[in-house]
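Working notes for the structure below.
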Amino acid sequence: MTELSEGRSGALAGAHLTTLAGPHDVRALPTAQLAALAQDIRTFLIEKVCAAGGHLGPNLGVVELTIALHRVFDSPRDAILFDTGHQAYVHKILTGRAEGFDRLRQAGGPSGYPSRAESVHDWCENSHASASLSYADGLAKAHELRGYQDRSVVVVIGDGAMTGGMAWEALNNIGASQRPVVVVLNDNGRSYAPTTGALADHLHTLKHPAPHTNTSDRAAPNLFTHLGFTYLGPVDGHDTGALQAALDQARLLRRPVLVHAVTVKGRGFGPAEGDEADCLHAVGTVDAVTGRPAPASASGPPPLSWTSVFGQALLEVAGEREDVVAITASMLRPTGLYPMAVKYPDRVFDVGIAEQHAVTSAAGLALGGLHPVVALYSTFLTRAADQVLMDVALHRLPVTFVLDRAGITGPDGASHHGMWDLSLLSMVPGMRIAAPRDSGQLRPLLREAIAHDAGPSALRFPKGTAGPAIEALRRTGSVDVLSESGVLDVLLVSYGPMARQCLQAAAQLTGHGIGVSVVDPRWVTPVAPELLDLAARHRLVITVEDHSRSGGIGNALAQSLRDHAVTTPLHALGLPKAFLPHGPRDELLAQTGLSAAQITYAVLRARAGKPLAHPTSTDGSTT
């Protein structure tokens with residue numbers, strides 16, 4: 001390896017880091033060169049992540065920690081697991097993957113999370129928080145049963161992820177097991193926003209003991225020692241030598257150990273350290289000096305995101321109804337609740353990374369006479385399936401679920417696409433589900449959901465910019481008719497933001513002399529009788545949705561047609577039953593058969609009595 005030096009340029013640092021073949025190179029470095037390695041990595045991260053987009057703040061905070069991990073433990077023989085995984089960029093660099101960072105989170109480039117397909121050093125790639133300790137418990141048991149007595153299992157988990165209930169279920173088992181699991185608690189005091197709750201208070205006490213406390217007695221009882229762990233710390237998470245010493249001790253103990261590493265999110269990049277919102281947790285393409293996005297063009301202000309439209313709409317409703325409260329799981333700003341939290345702080349509750357608790361706490365609020373709005377990312381609602389079903393719906397409670405990032409989300413990949421919530425929610429008795437086609441529809445649908453007091457409702461919308469309004473020709477019942485021709489040939493049922501593609505397809509089909517009606521049902525469930533009537537009057541029904549075909553609107557409408565003896569054939573277009581990779585939303589929609597041209601082609605095949613070739617993956621293969 002080339003000798004490291006301070007003050008090198010980003011390009012030189014990047015060229016050097018691409019020569020790292022793996023952790024053995026990191027272990028071979030003299031101690032005197034570790035500070036330069038850390039500086040090179042930070043320079044590299046700032047340059048590459050600001051150019052490509054990704055998780056910047058979390059990775060800047062774990063540079064020394066990840067170096068120390070790879071100098072003490074022998075990956076992949078020793079399993080190093082990263083909870084959530086968005087702080088694994090340094091791990092990727094040290095395991096020989098720096099060269100691909102120019103295409104980070106882009107189609108064909110490296111994932112923004114650990115990926116088993118990328119490297120043997122990545123053990124698990126589920127990027128939902130609080131799960132890593134359960135993986136570790138199972139891995140340690142497997143090592144014991146297979147006779148791997150000399151192997152360690154190491155987990156890096158943040159204090160934010162530690163607020164999740166699943167983490168404590170695992171700690172309960174690990175602490176009593178006596179198996180060699182090392183838990184590295186990366187305590188930067190934040191998830192997106194500052195960590196809240198009793199755990200945050202306890203960690204603060206461990207870091208800042210009360211006056212007259214014997215600070216040399218690091219073995220004093222605390223929450224973790226009571227659970228059966230040896231506690232080491234707190235350790236300066238930016239002192240590689242101190243970290244190595246603590247991790248070496250943890251490795252040699254061969255029992256459950258918790259190493260409490262105190263870090264600074266965004267370390268070494270002023271704009272990240274000074275960002276009050278989330279320390280530049282995740283960024284798009286931004287300036288590598290200021291950390292700010294490029295200035296808006298002179299054509300006018302940037303278009304509003306779906307999230308910001310929701311945030312303003314909820315604030316308006318909250319001003320009219322004092323019984324409206326809001327809950328989120330450690331995502332106050334990302335889900336749009338921040339404006340309401342500023343104006344009505346006593347009516348907004350951030351429960352930490354604890355979706356199950358969030359949903360049942362909402363049920364309690366509803367039992368107490370309030371109307372809670374639970375704002376989550378679509379992909380995280382699936383963690384609370386039982387609570388939605390048994391704690392909310394069974395009691396017919398008026399809870400409104402608002403699901404951001406529904407459908408194809410883009411660069412975050414398989415674990416973040418919001419393509420399962422509708423399958424889950426559509427089977428819940430009494431659940432009403434809506435999807436706005438544009439920002440103009442989001443406001444009235446939110447009001448309709450909150451006005452419903454006989455059971456739960458859900459509102460789902462995608463990531464990104466809310467496009468211009470798509471006006472309806474007329475409304476029949478709750479169904480909007482967006483376009484129609486005199487001939488009742490094909491009924492295109494567009495779900496949510498797929499309306500634009502459906503209207504484009506309708507225009508193409510009209511050019512083929514085919515009569516097409518495009519409708520937006522607005523509410524997926526219950527299926528409106530007016531939609532059944534429209535289906536009965538057409539020769540063919542095609543549903544189009546940015547959701548899995550399994551359990552989506554196509555299934556719901558097909559079942560209702562059968563129940564009401566409507567014989568019009570129906571074909572459902574949607575996402576395949578597969579885990580989709582990361583990539584631009586429009587490209588992934590096209591690769592899964594949901595571009596306007598592909599909708600047109602599907603209609604033509606269906607009218608000709610030919611089977612539709614539904615993509616089962618994004619590589620062009622079909623059934």
Side-chain angles (χ1 to χ4, degrees), residues 13-27 37 40-41 44-45 47-49 51-56 58-60 62-63 65-67 69-71 73-129 131-132 135-136 138-139 151 153-157 161 184 186 282-283 379 408-417 578-584 587-588 591 617-621:
H16 168 76
L17 292 175
T18 57
T19 67
L20 283 173
H24 55 278
D25 281 347
V26 181
R27 290 193 291 274
L37 173 63
D40 275 0
I41 291 173
F44 179 85
L45 285 172
E47 176 186 306
K48 300 299 183 182
V49 178
H55 290 91
L56 183 58
N59 287 285
L60 292 172
V62 296
V63 175
L65 175 56
T66 312
I67 292 172
L69 284 167
H70 278 294
R71 284 176 67 83
F73 296 98
D74 182 15
S75 175
R77 181 180 177 83
D78 294 325
I80 302 177
L81 313 179
F82 290 87
D83 195 277
T84 311
H86 58 228
Q87 80 282 37
Y89 292 8
V90 184
H91 166 74
K92 287 180 181 252
I93 293 167
L94 298 181
T95 52
R97 286 174 276 173
E99 192 169 1
F101 265 65
D102 287 329
R103 301 187 64 202
L104 179 69
R105 306 197 321 153
Q106 299 174 22
S111 167
Y113 298 94
S115 169
R116 286 165 61 87
E118 284 181 16
S119 173
V120 295
H121 296 281
D122 292 358
W123 280 82
C124 53
E125 56 196 65
N126 172 21
S127 56
H128 289 189
S132 61
Y135 282 120
L139 259 175
R151 299 189 183 186
V153 180
V154 187
V155 179
V156 180
I157 181 170
V184 180
N186 174 31
V283 298
T379 184
I408 294 291
T409 56
D412 283 325
S415 64
H416 275 56
H417 293 310
F579 292 106
L580 303 181
H582 56 276
E587 287 185 18
L588 289 176
Q591 290 168 12
S617 67
T618 58
D619 61 4
S621 61

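Since this is a predicted model, take the numbers as computed values, not measurements.
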Rounded to the nearest 0.5 Å, how far does NZ of K92 lie from OH of Y113? 10.5 Å
Enter the distance from I93:CD1 to N59:CG here, rounded to the nearest 0.5 Å. 8.0 Å
Please lay out, stage by stage, how H91 and V62 fare under the test side chain to side chain contact (heavy atoms under 4.5 Å, CB included). CA-CA 9 Å; H91 166 74; V62 296; over 6 Å; no
To the nearest 0.5 angstrom, please state how far the CD atom of Q106 sits from the NE2 atom of H582. 8.5 Å
Between I41 and I67, is a side chain to side chain contact (heavy atoms under 4.5 Å, CB included) present by the stated rule, with each step listed? CA-CA 10 Å; I41 291 173; I67 292 172; 4.1 Å; yes
Using 30° and 60° as the class limits, which term best fits the ring planes of H55 and Y89: parallel, tilted or perpendicular? perpendicular
Just by modelled atom types, is the A107 backbone N or O under 3.5 Å from a matching donor or acceptor in the R103 side chain? yes
Evaluate V90 against L45 for side chain to side chain contact (heavy atoms under 4.5 Å, CB included), listing each step before the verdict. CA-CA 8 Å; V90 184; L45 285 172; 4.0 Å; yes
If you count the non-hydrogen atoms of other residues, nucleotides and ligands that lie under 6.0 Å from CZ in R116, is the total more than 12? no
Do the side chains of K48 and L104 get nearer than 4.5 Å, heavy atoms only? no
What one should report as the nearest heavy-atom pair of T379 and S415 is OG1-O, 2.6 Å
Check whether H70 reaches the backbone of D25 with its side chain - one donor and one acceptor, N or O, closer than 3.5 Å. no
Can you name the nearest heavy-atom pair linking S132 to D83, along with the distance? OG-OD2, 2.6 Å
Atom of S111, atom of E118 and distance for their closest heavy-atom approach: N-OE2, 2.6 Å
So do the side chains of L94 and P23 get within less than 4.5 Å of each other, counting heavy atoms only? no
Give me the atom names and distance for the closest heavy-atom approach of L588 to H417. CD1-CE1, 3.8 Å
Closest non-hydrogen atom pair between D122 and S115, with its separation: OD2-N, 2.8 Å
Test side chain to side chain contact (heavy atoms under 4.5 Å, CB included) applied to S119 and R97, step by step: CA-CA 9 Å; S119 173; R97 286 174 276 173; 3.4 Å; yes
For the CG atom of L580 and the CD1 atom of I408, what is their distance to the nearest 0.5 Å? 5.0 Å
Mind checking the OH-CH2 spacing from Y135 to W123? Nearest 0.5 Å is all I need. 13.0 Å
How long is the gap from OG1 on T84 to CG on N186, to the nearest 0.5 Å? 10.5 Å
Donor-acceptor pair, distance only, cut-off 3.5 Å: does the side chain of R77 make one with the backbone of R151? no
Crowded around E99 CD? As in, over 12 foreign heavy atoms under 6.0 Å? no
Any idea which heavy atoms bring P114 and G85 closest together, and the distance? CD-O, 3.3 Å
